[in-house]
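For reference, the structure is listed below as structure tokens.
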Amino acid sequence: MSEEPVPQVTEEAVPPAVGPHGLTPVHPNHKKVLRIQALIASAFLLIPATIVQFAAPVPFGVVLGPVALLCALFVWRLPRRRYAYKGFDMGTDRLRVVRGYWWRSDAVVPFGRVQHLDVQQGPLERMYGLATLILHTAGTHNASVPLAGLLREDAEEMRESIRQHIKRETL
């Protein structure tokens with residue numbers, strides 16, 4: 001019996017990770033950034049709850065327990081869900097950005113409508129090597145479409161690719 005040759009898999013043959021609805025998910029480090037942001041926001045609930053817990057004549061945990069449980073849910077579950085429902089699809093002449101679980105947003109930006117492009121990084125994004133690509137378009141409705149959670153290099157590469165497309169289109 002002769003054995004059939006095993007096909008070689010190259011990096012180019014492997015498709016990129018695809019999330020729900022055929023979208024490319026943002027970088028997994030974005031989930032960490034969302035968690036840290038949720039942790040900072042939950043401190044604004046925990047600090048007053050702690051003060052009320054110790055100032056009010058109530059049994060320990062009556063005030064702080066439910067707030068701590070709510071904050072734990074806010075820090076653990078919400079960022080996972082926000083990350084899972086965020087993705088993008090970059091076509092040859094447009095960028096589609098989808099985000100949101102409760103309030104779903106599905107924006108398709110034709111490159112011909114783009115006025116200018118920004119790549120921004122906040123301190124948390126910089127710490128994890130991420131960036132936000134912002135497409136500013138003509139018009140007033142959804143004039144800026146942000147795509148957060150990209151690796152800095154990917155955001156810059158996407159910006160250059162869109163810029164080259166716009167440059168070709170205007171010549």
Side-chain angles (χ1 to χ4, degrees), residues 11 14-91 94-110 114 117-137 140-159 161-162:
E11 261 187 59
V14 177
V18 176
H21 311 294
L23 299 172
T24 305
V26 295
H27 195 273
N29 281 348
H30 185 58
K31 196 183 325 178
K32 296 174 186 175
V33 170
L34 292 173
R35 279 213 172 100
I36 293 170
Q37 290 172 341
L39 186 64
I40 292 168
S42 68
F44 290 102
L45 291 174
L46 281 173
I47 292 170
T50 304
I51 293 169
V52 169
Q53 177 67 56
F54 290 109
V58 294
F60 185 76
V62 170
V63 176
L64 193 56
V67 172
L69 185 63
L70 180 68
C71 287
L73 190 67
F74 184 64
V75 169
W76 180 252
R77 185 74 176 146
L78 191 61
R80 282 179 47 202
R81 184 158 290 194
R82 285 180 64 196
Y83 173 79
Y85 285 90
K86 184 180 282 191
F88 68 95
D89 178 33
M90 184 152 160
R94 57 145 181 84
L95 177 66
R96 178 179 177 210
V97 179
V98 178
R99 63 182 175 270
Y101 176 71
W102 291 105
W103 290 275
R104 196 102 172 116
S105 170
D106 189 343
V108 177
V109 181
V114 174
L117 302 156
D118 291 329
V119 174
Q120 294 181 347
Q121 278 185 305
L124 290 176
E125 288 177 316
R126 197 169 25 256
M127 189 166 62
Y128 286 99
L130 300 176
T132 300
L133 175 67
I134 303 173
L135 287 81
H136 299 277
T137 62
T140 57
H141 183 67
N142 290 337
S144 295
V145 179
L147 176 55
L150 299 171
L151 280 176
R152 171 85 182 180
E153 297 81 25
D154 293 344
E156 289 172 349
E157 184 179 309
M158 288 173 71
R159 178 183 61 188
S161 175
I162 294 169

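Counting from 1, the numbers follow the sequence of the chain as shown.
Expressed to the nearest 0.5 Å, how far CH2 of W102 lies from OH of Y85 amounts to 10.0 Å. Taking CG of L46 as the start and CG of L64 as the end, the distance is 6.5 Å to the nearest 0.5 Å. One distance of note links CD of Q37 with NZ of K32; it measures 14.5 Å at 0.5 Å rounding. Rounding to the nearest 0.5 angstrom, the gap separating the CG atom in L95 from the CG atom in L133 is 7.0 Å.
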Audit row: V98, K86, side-chain contact (heavy atoms from CB on, under 4.5 Å) steps and yes/no: CA-CA 6 Å; V98 178; K86 184 180 282 191; over 6 Å; no

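When all heavy atoms of S42 and V75 are compared, the pair lying nearest together is OG-CG2, 3.7 Å. Looking at every heavy atom in both residues, S161 comes nearest to M90 through OG-CE, 3.4 Å. The two residues P79 and F74 have their closest heavy-atom pair at CD-O, 3.2 Å. For P146 against R99, the heavy-atom pair with the smallest separation is O-NH1, 3.5 Å. When every heavy atom of K31 is checked against every heavy atom of Y83, the shortest pair comes out as CE-CD2, 3.7 Å. For the pair S144 and I134, the tightest heavy-atom approach, listed with the atom from each and the gap, is CB-CG2, 4.2 Å.
More than 12 heavy atoms of other shown residues, nucleotides or ligands fall within 6.0 angstrom of atom CZ in R35.
Annotation: side chain of P123 is in contact with side chain of R126 (closest heavy-atom distance under 4.5 Å). In this structure, the side chains of H136 and L117 stay at 4.5 Å or more apart for every pair of heavy atoms. Annotation: side chain of R96 is in contact with side chain of L23 (closest heavy-atom distance under 4.5 Å). At least one side-chain heavy atom of L147 sits under 4.5 Å from a side-chain heavy atom of V26. Side-chain contact between M127 and I36 is present, with at least one heavy-atom pair separated by less than 4.5 Å. Contact of the H30 side chain with the L150 side chain is not registered, since no non-hydrogen atoms from C-beta on lie closer than 4.5 Å. Side-chain contact between L130 and V33: present, with at least one pair of heavy atoms (C-beta onward) separated by less than 4.5 Å. Looking at heavy atoms from C-beta onward, M158 lies in side-chain contact with F88 at the 4.5 angstrom threshold.
A donor-acceptor pair under 3.5 Å links the side-chain atoms of Q53 to the main chain of V63, judged by distance alone. Put simply, the side chain of R82 never gets that close to the backbone of L78: no donor and acceptor are under 3.5 Å apart.
The residues D89 and R94 are annotated as salt-bridged, a charged nitrogen and a carboxylate oxygen being separated by less than 4.0 angstrom.
The only option from T50, V52, V58, I51 that meets the side chain to side chain contact (heavy atoms under 4.5 Å, CB included) definition with F54 turns out to be T50.
With hydrogens and angles left out, the side-chain atoms of T132 and E125 include a donor and acceptor closer than 3.5 Å.
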